[in-house]
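For reference, the structure is listed below as structure tokens.
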There are 2 protein chains.
Amino acid sequence: MATIKDIAKRAGVSVTTVSRALNGYSDVNEQTRKKIMAVAKELNYSPNTLARGLVMNKSNTLGLLVSGMSKESVKDNFTYLVLAGINQYAGETDYDIVLFSTNSTKQREKTYSQLCRERRVDGAIIQGIRTDDPYLHEVIESDIPCVLIDISVESDTVGYVTTDNIMGAKKAVQHLVELGHRDIAMINGHDFAFVSQKRLEGYKLGLKIAGIPFRSDWVVKGFFEEAEAEKAAWNLLENHPEITAIFCASDLMAFGAMSAAKKRGLRVPEDLSIVGYDDILLASYSNPPLTTIAQDVSRLGYHASKLLVEMLEGRAESHNVILDTALVNRSSTAKRRPLK
Amino acid sequence: MATIKDIAKRAGVSVTTVSRALNGYSDVNEQTRKKIMAVAKELNYSPNTLARGLVMNKSNTLGLLVSGMSKESVKDNFTYLVLAGINQYAGETDYDIVLFSTNSTKQREKTYSQLCRERRVDGAIIQGIRTDDPYLHEVIESDIPCVLIDISVESDTVGYVTTDNIMGAKKAVQHLVELGHRDIAMINGHDFAFVSQKRLEGYKLGLKIAGIPFRSDWVVKGFFEEAEAEKAAWNLLENHPEITAIFCASDLMAFGAMSAAKKRGLRVPEDLSIVGYDDILLASYSNPPLTTIAQDVSRLGYHASKLLVEMLEGRAESHNVILDTALVNRSSTAKRRPLK
DNA sequence: TTGAAAGCGCTAACAC
DNA sequence: GTGTTAGCGCTTTCAA
């Protein structure tokens with residue numbers, strides 16, 4: 001593979017000149033530049049980014065730490081959409097994406113920051129990692145610039161992008177309240193997801209605004225899984241038959257709740273209203289189609305990489321971006337039945 | 001960031017010794033190795049893969065060229081599943097994945113092989129690229145080891161992994177024939193997809209075995225898109241009302257065909273049987289649930305990276321792998337109505 | 001406008 | 001077992 005040395009030799013100049021010509025410096029004679037360009041093309045030259053990265057101490061790569069990039073997550077497509085957004089932005093820049101496979105068992109040997117440091121990525125985007133992951137804090141506390149998705153931590157080198165989860169959850173509750181519901185339960189994810197904490201806050205806020213007392217035993221965990229949520233919903237409905245609506249912190253969990261309702265002989269939405277969160281593709285295919293809080297996940301990815309690059313280039317005005325959500329009103333919610 | 005030089009100084013040895021100790025060479029004293037390891041840990045040392053790659057002429061990265069990694073492809077999830085499979089295998093090895101964003105407009109400036117050469121990837125995986133893409137051939141003809149997904153080209157440096165598309169399509173036709181159908185049309189993708197060519201072959205083969213003459217005007221293009229397929233199916237049904245079954249080269253196109261049928265007042269499967277291809281998530285959610293030819297897309301990705309790594313390490317016994325497909329019998333196909 | 005030379009962090013002969 | 005040295009391909013002072 002041709003190097004600048006080869007070009008220099010062939011063009012009869014020094015490597016310095018070649019380097020400068022190729023990088024578009026102005027202090028190169030137009031004649032020599034032309035010549036050098038021609039030779040470079042002739043030799044089918046490609047710059048060696050490894051060598052450049054070594055000397056410049058900059059690799060022009062963004063590390064991507066994702067967890068849960070598995071076959072199973074096709075249902076919610078979250079990881080994929082984030083990636084698509086990142087990829088879209090990266091395509092507009094000179095950065096390439098290095099994917100670190102953190103979901104395998106053997107990766108436990110290497111910490112996230114280890115991975116980033118070895119590859120000398122300029123920055124990292126972190127997604128899908130639980131807040132109790134010890135390696136998460138290690139990378140946050142390292143000096144590697146990074147942007148977190150859906151984890152609101154901020155510092156000199158750390159930024160984040162997320163959606164407004166409090167308002168999102170509030171919207172869901174508000175929608176139910178407007179339909180006349182007052183006995184509204186919640187199926188949340190788990191304690192180690194920031195979004196769960198925020199959505200719980202939003203749920204509480206929604207209740208408060210409506211003057212409905214909060215009951216902690218009406219909030220159960222579904223761990224973002226359909227089957228878990230189904231169990232949780234079953235118990236909820238068994239123990240508290242007065243419940244007429246459930247707000248679920250993810251669409252998948254809403255599907256679980258729907259199944260539980262059906263198995264208990266409750267009709268959705270006539271007997272039980274259900275609101276989901278995410279607006280995944282399947283939300284419009286369920287029976288009944290799911291009313292949910294929509295978030296634009298690929299924008300999340302897009303803005304994550306955009307923010308990171310801006311941070312790297314020292315032109316980030318703020319270290320966080322909060323995206324909006326929207327209520328999508330389908331058919332899993334209805335007016336509360338008149339009380340008997 | 002600490003370098004082996006720092007370690008050498010601190011440990012009172014030469015950089016060579018450090019290098020050897022760190023890389024597990026045997027010709028280093030246990031005492032010194034211990035010492036070096038300790039110092040390395042103390043200094044929180046991370047090897048610089050850029051420097052190593054430069055001297056070893058090996059980056060331990062696999063380039064990934066995908067097209068169509070956009071928001072739109074959540075419906076079929078093909079790209080994502082390939083990626084998940086690749087990622088899974090990569091997690092079992094020392095290779096990391098570099099994602100090249102080829103779907104953006106500005107990328108046209110750089111060819112695929114350009115991208116690979118600059119990053120000095122050890123090999124590349126290519127997916128979702130049309131066979132008439134000029135850059136595809138450039139990279140195939142370069143000396144970069146690569147594995148193609150669903151494009152059967154093979155050489156010293158090129159391998160491929162795909163499913164048995166001929167047999168897959170044949171199975172679909174055979175299934176319809178067994179249900180009594182003889183007037184079977186096909187909605188194919190487009191001419192620049194290898195899978196389309198193969199599936200057409202399989203369709204022909206299936207007909208031949210059943211002794212049914214092939215009619216070229218019963219094969220139309222849907223370009224792998226739902227809307228296009230709907231139009232195509234409409235015309236097909238309009239011009240040839242005797243058709244009782246359609247084999248579609250993708251599930252998405254099958255959905256399009258279903259819509260067309262419904263709009264024309266035909267019931268699926270009573271009046272028209274439809275078979276898809278892929279077995280995407282939505283296939284089981286459609287109405288009626290879609291009978292289709294299933295392929296395990298993440299295995300495609302897994303085997304692509306596995307094959308590539310084997311080729312790189314000179315232990316690939318063959319340069320291709322062909323995966324199996326399976327008929328998934330749902331409810332979009334039924335026995336042909338008795339003729340009036 | 002150009003070139004010589006140093007050096008980025010690492011590996012690998014080759015000598016001792 | 002260990003150290004000396006050269007060199008991977010590039011950028012960047014500094015001097016001419």
Side-chain angles (χ1 to χ4, degrees), chain A residues 1-40 43-61 94 96 114-122, chain B residues 1-40 43-61 94 96 114-122:
Chain A
M1 218 168 265
T3 70
I4 53 169
K5 212 164 159 185
D6 300 323
I7 300 178
K9 205 174 295 174
R10 180 84 70 111
V13 294
S14 74
V15 292
T16 315
T17 309
V18 174
S19 174
R20 278 192 292 233
L22 258 27
N23 289 305
Y25 280 54
S26 57
D27 60 348
V28 169
N29 184 295
E30 254 327 298
Q31 290 303 313
T32 35
R33 155 167 282 126
K34 285 256 171 65
K35 173 79 181 163
I36 287 169
M37 290 307 206
V39 174
L43 263 36
N44 194 17
Y45 171 77
S46 286
N48 185 331
T49 55
L50 265 43
R52 176 182 286 158
L54 180 59
V55 53
M56 309 255 293
N57 204 23
K58 178 158 187 357
S59 64
N60 267 277
T61 53
D94 279 333
D96 286 320
Q114 198 71 239
L115 252 16
C116 291
R117 292 155 48 108
E118 291 192 2
R119 287 280 175 207
R120 290 301 194 269
V121 299
D122 298 328
Chain B
M1 218 168 264
T3 70
I4 54 168
K5 212 164 160 184
D6 300 323
I7 298 178
K9 206 174 295 173
R10 180 83 70 113
V13 293
S14 75
V15 292
T16 317
T17 308
V18 175
S19 175
R20 280 192 291 233
L22 258 27
N23 289 305
Y25 281 56
S26 56
D27 61 346
V28 67
N29 185 295
E30 254 327 299
Q31 291 303 313
T32 34
R33 154 167 281 127
K34 286 254 171 63
K35 174 79 183 164
I36 288 169
M37 292 306 206
V39 174
L43 263 37
N44 193 17
Y45 171 76
S46 287
N48 185 333
T49 55
L50 267 43
R52 175 182 286 158
L54 181 58
V55 54
M56 308 257 290
N57 205 23
K58 178 156 186 359
S59 63
N60 266 278
T61 52
D94 279 333
D96 285 320
Q114 197 72 239
L115 253 13
C116 291
R117 291 153 50 107
E118 291 192 2
R119 287 280 175 207
R120 291 302 194 269
V121 299
D122 297 328

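Naming: A, B, ... by sequence-line order, numbering from 1 per chain.
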**Prompt:** Does some side-chain heavy atom of A:I4 sit less than 4.5 Å from a side-chain heavy atom of A:Y45?
**Reply:** yes

**Message:** If you count every heavy atom of other residues, nucleotides or ligands that lies below 6.0 Å from B:N29 atom CG, does the total exceed 12?
**Reply:** yes

Expected rows: protein N/O vs nucleotides 6-9 of chain D N/O, under 3.5 Å:
unit_1 : atom_1 : unit_2 : atom_2 : d
D:dG9  : N2     : A:A51  : O      : 3.4

**Asked** If you draw a 6.0 Å radius around CZ in A:R10, do more than 12 non-hydrogen atoms from other residues or ligands fall strictly inside?
**Response** no

**Request:** Would you check if B:N48 and B:R52 make a side-chain contact, meaning some heavy-atom pair closer than 4.5 Å?
**Result:** no

**Message:** Contact list please: residues 21-33 of chain A against DNA chain D, heavy atoms, distance less than 4.0 Å, in numerical order.
**Reply:** A:N23, A:Y25

**Item:** hbond_proxy B:S19 side chain to C:dA12 base (donor-acceptor, 3.5 Å cutoff)
**Value:** no

**Asked** Do A:R117 and B:N44 come close enough that some side-chain heavy atom pair is under 4.5 Å?
**Response** yes

**Note, B:L50 side chain near A:S59 side chain (heavy atom, < 4.5 Å)** = yes

**Item:** A:K9 NZ - C:dT2 P separation (whole Å)
**Value:** 20 Å

**Of the listed nucleotides D:dG3, C:dT11, C:dT2, the one nearest the side chain of A:T17** = C:dT2

**No-hydrogen, no-angle side-chain donor-acceptor test under 3.5 Å, B:T16 and B:S19** = no

For nucleotides 14-16 of chain D, list the nitrogen or oxygen atoms of the protein found under 3.5 Å from its nitrogen or oxygen atoms, one pair per line.
none

**Message:** In whole Å, I'd like the distance from the NZ atom of A:K58 to the P atom of C:dG9.
**Reply:** 17 Å

**Request:** Return yes when atom NZ of B:K58 has more than 12 non-hydrogen atoms of other residues, nucleotides or ligands closer than 6.0 Å, and no otherwise.
**Result:** yes

**Asked** Just wondering, do B:R119 and A:N60 contact through their side chains at under 4.5 Å, heavy atoms?
**Response** yes

**Item:** Side-chain touch A:I7/A:L22, heavy atoms, less than 4.5 angstrom
**Value:** yes

